[in-house]
Structures are given as C-alpha cells and as structure tokens.
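Worksheet: one structure, shown below.
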Amino acid sequence: MTTQAETTELQAFTRDWLDWYRAQEERLAGPHGFLAITGLHWLDDRPRRFPDAPGSWRTGADGVTVILDGDEELVVDRTAVRGEHRFGVIPERGSVNAVWGDAVIEVARRGGNDIVRPRHPTAPLRTAFTGTPAYAPDPRWVVTGRYVPFDEPRPTTVGAAVEGLEHVYDAPGRIEFELDGQPMSLTAFPGPAPGRLTVLFTDATSGVTTYAANRVLTVEPSTADGTVVLDFNRAANLPCAYTDLATCPLPPAENRLPVAVEAGQKLPRERGGS
C-alpha cells in the first residue's frame, strides 16, 4: 500500500520532471529554436546567396564574411551593419547570431566547416509542432553511478547526423553504474557548465520507440567520492531527431546500452512517433 508520504514524494518528482520537459520544449520550439531552422548552408570561398538569408556569403582563412546589398541590413551584437561585414574566425562548436527582421541568421562552425543556418519563426516545422511524446516519469529510472575520470582527457571522434561529418570531444572520464542488475558504463563528454557532464547514448528502444541515432543525458557534478545520479527520465532528443538541418553528434560505440531504457523522450511525431 502506498503511504501518503510516498504519494507526496511521487507528485513532487513528477512536477520536477514536467518543469524539465516544458523547458526542453520551449527551447526547441521557441521563435528561433531548432524547429525554426529553414536551411543548412555550407560555406566555402565562393560568394553565394541563399533564399532565406540576406547578402552574399563566403569563408576562408580569415573566417566568415557577408556582403549585404542595397538596403539589406543585419544586426550583430546590437549594432546594425550594411555592406561588408566580417564575422571573423568562429571556434569549433561556436556560433554568432545576426538578427534580420524577425529572423535570426546563425553563423557557426561545425565539424571544421563554417555554416549559415537561418531561423525563421514562421518555419512550417515550428508552426506545426504539437509536442514531443515521452514516457511517464518513473523513479526506477533514477540510477546512482560513479564517475571515473581518465588520467588525461581522451580525444574521442564520433560521427554526426550529417553523413561525412565528424565531431571531436575531449572525454574527461566515464560513468559506471548498474541497470537491471547489469554492470554498465558510459563515456562522458564535457557538459554545458563546469563539472557537469553530457552523455550521448542509444539503447534497445532506439529505432523502436525512441530516435534511432541518439539521445542525450546531462549529469550534474559528482560528489567528492565520485557519486553521480543518472536520471534517465530526462533522456532528451537532440535537434536531429526533428530536423535534417542539424549536425548533432552520434554516441561513441561504447555508449550503446544493451537494455531498453523506457524513460525520457520518445521518437518525435515528425519522425513517425506517436
């Protein structure tokens, strides 16, 4: 029989998960989120125009340059620019957002390539979005593990959602844990803030009820003895689960879990999920 304390605890757990889920959806479907992307344009030294962005774009040793014609204008760092504008050399996984009317023109570097990726609030993928299916949150999928740092960060090359593209991460360590009584481990990459970790993985649900290529889990910093918590209820889709205009990394080979992690976000409706 479930006690009142257990019921209250489960309700709080569910509320916290719902807050996380809603924040995920808001970032994805915001006016300039990933669902607003209308094109993925790869730059080289030939000046080119694109239908969803102003100006003529090229890149080279000095970085990305745009030449705006006539009354074309971008706002970069709150400053209006016309004519020729140099974005300079953008670091790997870095980006600069230039405002064009109600759109944002993302200028970024991915896998050693400079790209232009316009984001328009009226993009059909965004306006038709109805939300991401997900498993009901369940405390059984909250797992305690141990973070084991490597002696030195290990450069780890992984594939990408875009064929032929590669990403390189300096993996700081791995996370060891048990799931369904089986010992497992996952190679971790640096997270979005100091001490936090990012884990890319697939499992036995991948390609069945969840997106085939990857899901991602953010792990909070470990305690002094290396203890970490893996909350698989917060296994999230990367943008490539929704759009082919994303360059998301794939998990390293060792991060393919042999069990079905029936938790977190499911296959998006945009890919045939329900």
Side-chain angles (χ1 to χ4, degrees), residues 24 27-28 30-48 50 52-68 74-81 84-100 103-120 123 153-172 187-200 213-214 216 218-219 236-252:
Q24 290 286 124
R27 281 193 294 272
L28 177 71
H32 302 120
F34 267 91
L35 296 183
I37 292 175
T38 54
L40 173 57
H41 308 302
W42 302 87
L43 303 182
D44 55 27
D45 59 359
R46 297 169 299 165
R48 283 183 294 161
F50 306 115
D52 49 356
S56 178
W57 298 80
R58 64 176 174 80
T59 190
D62 296 330
V64 176
T65 298
V66 63
I67 298 177
L68 300 164
L74 288 171
V75 177
V76 183
D77 293 330
R78 300 184 180 180
T79 300
V81 297
E84 181 176 310
H85 178 75
R86 297 177 181 271
F87 288 88
V89 176
I90 297 173
E92 181 63 34
R93 288 189 286 279
S95 62
V96 176
N97 287 333
V99 178
W100 180 44
V104 163
I105 311 302
E106 178 193 12
V107 186
R109 189 167 180 84
R110 298 291 184 269
N113 301 275
D114 290 322
I115 62 173
V116 169
R117 197 158 45 179
R119 300 172 184 234
H120 290 259
R154 296 181 182 175
T156 305
T157 301
V158 297
V162 174
E163 187 175 354
L165 194 69
E166 291 183 335
H167 296 279
V168 180
Y169 294 90
D170 287 330
T187 295
F189 293 153
R196 299 175 84 188
L197 300 169
T198 294
V199 175
L200 298 165
N214 51 27
V216 65
T218 299
V219 181
N237 290 324
L238 289 170
C240 56
Y242 304 86
T243 174
D244 293 333
L245 304 177
T247 62
C248 305
L250 303 180

Notebook entry, point to check: Is the cationic atom of Arg117 (NZ for Lys, CZ for Arg) positioned less than 6.0 Å from the six-membered ring centroid of Phe34 and within 45 degrees of its normal?
Noted result: no
Notebook entry, point to check: What's the spacing between Leu35 CG and Arg119 CZ if we round to 0.5 Å?
Noted result: 10.0 Å
Checklist line | Minimum heavy-atom distance between Ala236 and Gln24, given as atom pair plus value | finding: CB-NE2, 3.4 Å
Notebook entry, point to check: Hey, does Asn214 have a side-chain heavy atom less than 4.5 Å from the side chain of Pro249?
Noted result: no
Checklist line | Heavy-atom check, side chain of Thr198 versus side chain of Pro190, under 4.5 Å | finding: no
Check: Quick one: does Thr65's side chain get under 4.5 Å of Phe87's, heavy atoms only?
Finding: no
Note to self: I want to check something: taking the side chain as every heavy atom from C-beta on, are Ser95 and Ile90 in contact at a cut-off of under 4.5 Å?
What the structure shows: no
Check: Which atoms form the tightest heavy-atom contact between Ser56 and Pro47, and what is the distance?
Finding: OG-CB, 3.3 Å
Next item on the list: Calculate, to the nearest 0.5 Å, the distance between atoms CZ and CZ belonging to Arg93 and Arg110 respectively.
Entry: 8.5 Å
Please table the atom pairs, donor to acceptor, closer than 3.5 Å between any side-chain atom in residues 154-170 and protein atoms at least two apart or in another chain.
residue, atom, partner, partner atom, Å
Thr156, OG1, Arg154, O, 2.9
His167, NE2, Thr247, O, 2.6

Margin query: Do Trp57 and Arg46 make a side-chain contact, defined as non-hydrogen atoms from C-beta onward lying under 4.5 Å apart?
Written below: no
Check: Under a 4.5 Å cut-off applied to non-hydrogen side-chain atoms, are Glu84 and Val66 in contact?
Finding: no
Checklist line | Side-chain touch Val199/Val219, heavy atoms, less than 4.5 angstrom | finding: yes
Check: What's the shortest heavy-atom distance between Glu106 and Ala108, and which atoms?
Finding: OE2-CB, 3.8 Å
Checklist line | Exercise: identify the closest heavy-atom pair between Leu238 and Cys248 | finding: CB-SG, 3.7 Å
Margin query: Looking at every heavy atom in both Leu74 and Pro54, which two are closest together, and how far apart are they?
Written below: CD2-CG, 3.7 Å
Notebook entry, point to check: For His32 and Asn97, what are the C-alpha separation, side-chain angles and deciding distance, and is it a side chain to side chain donor-acceptor pair (under 3.5 Å)?
Noted result: CA-CA 10 Å; His32 302 120; Asn97 287 333; over 6 Å; no
Check: When rounded to the nearest 0.5 angstrom, what is the spacing between OG1 in Thr243 and CD1 in Ile37?
Finding: 6.0 Å
Checklist line | Main-chain N/O of Asp52 paired with His120 side-chain donor or acceptor, under 3.5 Å | finding: yes
Margin query: If the condition is side-chain contact (heavy atoms from CB on, under 4.5 Å), which residues does Thr59 pass it with, not counting sequence neighbours?
Written below: Leu43, Val64, Asp114
Check: Side-chain contact, heavy-atom cut-off 4.5 Å: Ile105 with Phe50?
Finding: no
Margin query: If we ignore hydrogens and angles and just use 3.5 Å, is the side chain of Asn113 paired with the main-chain N or O of Gly111 as donor and acceptor?
Written below: yes
Margin query: To check you understand the geometry: which heavy-atom pair defines the closest contact between Ala246 and Cys240, and what is its length?
Written below: CB-N, 3.7 Å
